[in-house]
Each structure stands twice: as C-alpha cells, then as structure tokens.
Amino acid sequence: MEDRPMRNICFVAGLTSLWLSGATTFTAAQPNQESQLLSILELSVKPGMIDEYEAGRKRVIERWAENDFSFPAQISVDDSGVYRQVSFRGGWADFERYDQENQALPGDFPAATAAVDHVRQSILRTRPDLSYVPANPRFPNSEAAFIRYVFIHLQPGQQAAAAETMRQISALRRRHDIQDGIIVTSSVVGHDSPMLLLRFHARDVEDYYAQRREIQERLGDEFTTLVRRMGQLARRIETSNNVWRRDLSYQ
C-alpha cells in the first residue's frame, strides 16, 4: 500500500521553496477582515483558439465596465495555457446576484465560450485567520504580475490540524517581519475537497524564486518542521505558476 504521508514528507524540500515568497495584495486577506466566499473558474481553451478566447474575453470586460458590473474578476494563465479566474462574491446570495446582473446586461453578450474546451469551478472561503499580510509589503500591488498557487489536498478529517499548522506558519513569518505575504483560502465546494489553497504574488517568476533562499534562511528549521507537518496531513500537493493577465481582468 502506498504510504501517502511519507511521500508528502519527501516533497518537503520542494514545498518549502514554494511557500517562501509572494506579496499579498488582496485586502480580503487582512486578519481583521471578515471571511467571504470566492469562485474560481479554470478554463481550458481549445488548441489554436487562444486569440479567439482572449478577444472575446476582452469584449466581456468592456461590457462589464460599460454597465458597472458589481463583481471584480482576476484572470491569470498558467504554463499549460489554463486560464484561472478568481472572483470574490461575499456571501451565497451574491452568487445569485452575479447571475442576475450577467443576464440583465443589454444587447448580445459576446461569446468566448466557443473557444473553451471545458470549465471547472470551485467555491472557496477566504481565511484571514490563516493568511499573512506584511506590515510593510516589499512592493506595491500595481507591480504584481505573477501568482503562485499551492493546492494542498488534505486527508479527510485533517482540516483543523492543517489550519493550526498554517496559522503557525503565518505567525512565524510575522515574527520575522517577512515582507511577502500569503493569501489562504479553504474549499467549500470543489472537485477534490478538502483543500487549502495558498496564493503568493510577486513581480515575476524570477522575483518569486529569488526570494526563496533569503526567506528560508530567516525562518530556519522551525519553518521546515511546520512544512513537514503539513505534508503529513496532505493527500497530495499541486502547484501552478501563473502570469497575471490584467488586460483580461476586471476591477
């Protein structure tokens, strides 16, 4: 029988480097903010149809802006060409209001759907109690162009233990005054729950990796121990490097 906890422990060296850098830029991650729901759509575009999809998406953004659409949407794209949209909702009623506003838009809504092969949706809840927002961020939000996702798929029944471990990781970063933050969300409805999702922001991929060694040295063995503990609680851990597409996003 496969020993999953031991397999995840072996992944600690790589996982440690994943958690070392990133600039938190969403105010939703502030510890004093209330938790809210968010929707994550993963859109896989058909081969050879990226231009068609992006052209349609830009027209969608224009229509939202013209009609003062209420819900922001951040789009990024990963190395394999999957587009990931993160959209804050607030509460459950806002999911219905999102659909109502979309349906009420006047005229023919431009369809980028013909270019999309398939879509996968998850609903998550922001966890400001687990996130870390630095007092003095290393760079402003306007300079963030890279997003690192870490999907921690937990073993059943280990949500509380994983949350406590994440809380200790954020506290450790706070004690060492790390200038790069972590946005933490937890799964509510999704294809592979339970899950913690960590997001790190950086100027670009080179900037992200450049921060790893310095932060790791500052956090030391205590950090490595906490990451190893998280690995024991996980079924598997997945990562994704994403370029933030502000031209396809809506604020």
Side-chain angles (χ1 to χ4, degrees), residues 1-24 26 28-40 42 84 86 88-89 120-134 147-176 178 180-201 208 212 215-216 218-242:
M1 181 179 295
E2 183 180 14
D3 190 342
R4 288 179 176 173
M6 286 303 298
R7 180 188 63 185
N8 289 324
I9 291 173
C10 293
F11 192 52
V12 164
L15 179 60
T16 298
S17 66
L18 300 177
W19 290 13
L20 291 178
S21 63
T24 302
F26 283 129
Q30 292 281 1
N32 61 349
Q33 294 286 323
E34 292 185 3
S35 177
Q36 61 180 308
L37 296 174
L38 58 85
S39 168
I40 295 185
E42 295 175 315
R84 185 171 284 113
V86 178
F88 286 96
R89 293 288 197 273
R120 189 167 67 180
Q121 181 178 24
S122 300
I123 299 174
L124 296 94
R125 181 174 298 279
T126 61
R127 296 298 302 270
D129 57 320
L130 308 182
S131 301
Y132 169 63
V133 179
I147 306 171
R148 177 74 162 188
Y149 286 87
V150 179
F151 302 87
I152 306 174
H153 299 279
L154 299 170
Q155 298 181 52
Q158 297 298 339
Q159 294 95 313
E164 178 57 28
T165 301
M166 193 67 240
R167 191 174 289 110
Q168 293 178 38
I169 289 173
S170 291
L172 179 63
R173 294 174 78 101
R174 189 171 295 109
R175 290 201 307 271
H176 287 267
I178 301 300
D180 298 82
I182 310 175
I183 303 170
V184 183
T185 54
S186 58
S187 60
V188 177
V189 178
H191 64 282
D192 201 359
S193 298
M195 179 188 70
L196 284 180
L197 172 58
L198 280 57
R199 282 181 291 157
F200 305 89
H201 290 178
Y208 172 81
R212 296 190 313 175
I215 297 176
Q216 185 174 14
R218 291 176 62 182
L219 299 184
D221 293 340
E222 184 177 356
F223 175 73
T224 301
T225 299
L226 290 170
V227 172
R228 182 179 293 113
R229 184 180 305 165
M230 187 69 83
Q232 292 173 318
L233 301 173
R235 291 176 285 124
R236 73 178 188 281
I237 298 167
E238 300 173 334
T239 64
S240 178
N241 282 345
N242 289 248

Would Ile169 and Tyr132 count as a side-chain contact (heavy atoms from CB on, under 4.5 Å) here? Give the steps. CA-CA 9 Å; Ile169 289 173; Tyr132 169 63; over 6 Å; no

Run the side chain to side chain donor-acceptor pair (under 3.5 Å) test against Arg89 and tell me which residues pass, sequence neighbours left out. Ser87

Measure the spacing between CD1 of Ile183 and NE2 of His201 and express it to the nearest 0.5 Å. 4.0 Å

Please list all pairs passing the salt bridge (Lys or Arg N to Asp or Glu O under 4.0 Å) test where one or both residues lie in residues 150-162, with sequence neighbours left out. none

Measuring from atom OG of Ser131 to atom CZ of Arg199, what distance do you get when rounded to the nearest 0.5 angstrom? 8.5 Å

Can you tell me how far apart CG (Leu198) and CD1 (Ile237) are? Round to the nearest 0.5 Å. 10.0 Å

Contacts of Glu42 that satisfy salt bridge (charged side-chain N to carboxylate O under 4.0 Å, His left out) - sequence neighbours left out: Arg84, Arg120

With sequence neighbours left out, write down each residue that passes side chain to side chain donor-acceptor pair (under 3.5 Å) with Ser187, or none if nothing qualifies. Ser193

Among all residues two or more places apart in sequence or in another chain, which pass the side chain to side chain donor-acceptor pair (under 3.5 Å) test with Thr225? none

So, using side-chain contact (heavy atoms from CB on, under 4.5 Å) as the criterion, who are the partners of Asn241 when residues are at least two apart? Asp79, Phe146, Arg148, Val205, Tyr209

Who are the side-chain contact (heavy atoms from CB on, under 4.5 Å) partners of Ala163, not counting sequence neighbours? Arg127, Leu130

Rounded to the nearest 0.5 Å, how far does CG of Leu37 lie from OG1 of Thr185? 11.0 Å

Are the side chain of Gln232 and the backbone N or O of Met230 linked by a donor-acceptor pair below 3.5 Å? no

Using 0.5 Å steps for rounding, measure from the CD atom of Gln168 to the CG atom of Leu226. 5.5 Å

Approximate separation, where rounding is to 0.5 Å, of Ile152 CD1 and Ser186 OG: 11.5 Å

Less than 4.5 Å apart, side chain to side chain, heavy atoms only: is that true for Arg235 and Pro194? yes

Can you tell if the side chain of Ile178 reaches within under 4.5 Å of the side chain of Leu219, non-hydrogen atoms only? yes

Going by the rule side chain to side chain donor-acceptor pair (under 3.5 Å), which residues pair with Glu222 if we only count those two or more places apart in sequence or in a different chain? Arg175

